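Computed from heavy atoms alone, side chains included, the values below leave out hydrogens, waters and symmetry copies. Keep in mind that this is a model prediction, so the values were computed, not measured. Below, read A as the first sequence line, B as the second, and so on, with proteins coming before strands; counting in each chain starts at 1.
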There are 2 protein chains.
Amino acid sequence: MIWTLKRGTEGNKTAGWRWSPLELNGCSVYLGPMARPSGSDGDVTGPRVRAAAERLFARHGYAAVSMRQIAAEVGIGAGALYHYTRDKQTLLFDLMRTHLDDVIGAWDSVDPQGDPIDRLDAFSRFHIRHHLDRPDAVFIAYMELRSLSPDNFARIEVLRRSYEAVPQQILRAGAEAQLMHVSDVKLAANALIAMLTGVTTWYRDGGRLDRATVEARYADMALGMVGAQKSLQKTF
Amino acid sequence: MIWTLKRGTEGNKTAGWRWSPLELNGCSVYLGPMARPSGSDGDVTGPRVRAAAERLFARHGYAAVSMRQIAAEVGIGAGALYHYTRDKQTLLFDLMRTHLDDVIGAWDSVDPQGDPIDRLDAFSRFHIRHHLDRPDAVFIAYMELRSLSPDNFARIEVLRRSYEAVPQQILRAGAEAQLMHVSDVKLAANALIAMLTGVTTWYRDGGRLDRATVEARYADMALGMVGAQKSLQKTF
DNA sequence: GTCTATAGCCGGATAGAC
DNA sequence: GTCTATCCGGCTATAGAC
């Protein structure tokens, strides 16, 4: 049996038909000349399947969600799902790979590439912002590693490690330039990522603090963790 | 289907009979005069059921573990499990309640109760140590909240909040005494707990760093996060 | 206290009609 | 591209023998 926990702002029931997050984003889902006007088709239903799976996996966990539930959320029969994914495992793997590709690519296009302190500040803010924008994908990426088949697990680990190399490299550069106090680069990078990612467990839009404030406070703590402060002399 | 991820130091197969963690701890499980010498009985089997459930829930997740698997791990039939728990949900709830009662009680008996900086240092070290000693219970407590029934979820949340009040109170005292730089007490406490708890995702006994070193490095970073340093003048 | 057997349901995935 | 029907197996929990 599955109970719905309060997560985020909504309380939709899964019974009956409802619009997917794609439509709720406010933009039409008409995806070019091939889209047909008569309800679902391949170009639209595929993304809606992945969106529904992401929502449900994040809320209830991969093992607790059935293909029938995903199909019901999309508004199709369970059998039709298999036109969009080979099986349930592949659906999970594709969600995680896409998420990690996204986050790695997004950082590359934002990396200021200069002073280590600036980069740590930028990385902290980027990580917070990116994660608050994709709470479901983040939740899955961190909680469902154990639900991956061994092969898929290995492939995801490669991506995860390549993202973790980002803060490691920043901290190493900062330590070598004696701008930061880092006793162990990998340990500190792990601690940093855990702290930043933890924001997804409590932050809610419309709550006491807004995103800009949260971002700034976390960035300050990130710098403090390694004995650095923005626009100030180092303190050791 | 369930795949076994590498977690911790062991690689036991679940097929066939094996000794439970209770026996592996090195101490006999003969629990006083009521224990009978002929294999499992109530005094021994109950704890072994909980230990097996804890192991399996932590590795594969509550939803992915069947009562049959738990029973097999203990070495009894599935039906016999119901002499030790009302149902699977109650088994999960009891594990989480016991864990949280433990951690709260353990801190109370260790709290140095003095200077906020000493207390933050002590809390950080305590949290790391306690969590590294109970990786399975910790994993379940943080990952399986969504598997609790609404009633049980509410009861666990009460306990969880009472533990989170510990660092909140420390940081508040430190900020009021102007020994720490804390822009927002709850935000900082959440960030601190997330950072510290994250140690369980990567630390392994026998790895590159030992527990004492890890404990010390995390405690340093915890103090740095709020602009404090042990045995040094404050830096602002 | 544990066993075997089973009720009743739900799971993933497939086949073939339309 | 979606539907309905179905295979086959696993699930929780219970019943009753020993």
Side-chain angles (χ1 to χ4, degrees), chain A residues 1-3 14-15 17 20 29 31 34-50 52-53 56-57 60-94 144 147-149 152, chain B residues 1-3 14-15 17 20 29 31 34-50 52-53 56-57 60-94 144 147-149 152:
Chain A
M1 188 168 298
I2 295 175
W3 294 276
T14 52
W17 205 87
S20 84
V29 285
L31 298 175
M34 304 218 43
R36 297 171 219 146
S38 58
S40 335
D41 65 325
D43 291 335
V44 175
T45 308
R48 292 186 64 226
V49 166
R50 287 185 284 279
L56 291 170
F57 289 166
H60 309 297
Y62 172 80
V65 172
S66 70
M67 295 298 269
R68 285 172 170 84
Q69 282 176 276
I70 297 169
E73 180 102 346
V74 175
I76 60 178
L81 279 183
Y82 291 85
H83 285 281
Y84 303 100
T85 181
R86 204 169 61 75
D87 53 23
K88 192 184 172 189
Q89 169 70 203
T90 304
L91 194 46
L92 175 64
F93 173 70
D94 286 342
E144 299 296 352
S147 301
L148 290 168
S149 70
N152 287 341
Chain B
M1 188 166 302
I2 295 174
W3 294 275
T14 52
W17 205 86
S20 84
V29 284
L31 298 173
M34 304 217 43
R36 296 170 219 146
S38 57
S40 335
D41 65 325
D43 291 334
V44 175
T45 308
R48 293 187 62 225
V49 166
R50 287 185 284 279
L56 291 170
F57 288 167
H60 310 296
Y62 172 80
V65 171
S66 70
M67 294 298 266
R68 284 174 170 86
Q69 283 175 275
I70 297 169
E73 180 102 344
V74 175
I76 61 178
L81 279 183
Y82 292 85
H83 287 279
Y84 303 100
T85 182
R86 205 169 61 74
D87 53 23
K88 192 184 173 190
Q89 169 69 203
T90 304
L91 193 46
L92 174 65
F93 173 69
D94 286 342
E144 299 296 351
S147 301
L148 291 168
S149 69
N152 287 340

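Remark: A:D94 pairs with A:R97 by the salt bridge (charged side-chain N to carboxylate O under 4.0 Å, His left out) rule, at least two apart or across chains. Looking at residues two or more places apart in sequence or on another chain, you find a side-chain contact (heavy atoms from CB on, under 4.5 Å) between A:A63 and B:A63, B:A64.
Atom P of nucleotide D:dA13 and atom CG of B:L81 are separated by 10 Å, given to the nearest angstrom. Summarising the geometry, the separation between CD1 on A:I70 and C1' on C:dC10 is reported as 15 Å, rounded to the nearest angstrom.
The backbone N or O of B:A53 lies less than 3.5 Å from no partner atom in the side chain of B:Q69, so there is not a single donor-acceptor pair. In terms of modelled atom types and a separation under 3.5 Å, the side chain of B:E144 and the main chain of B:Y62 share a donor-acceptor contact.
Remark: of the listed residues B:D87, B:L148, B:T85, B:L148 is the sole one forming a side-chain contact (heavy atoms from CB on, under 4.5 Å) with B:L92.
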**OP:** Produce a footprint string for nucleotides 12-17 of chain C: one letter per nucleotide, 5' end first; B if the base is under 4.0 Å from any protein heavy atom, S if only the sugar-phosphate is, - if neither.
**Re:** BBB---

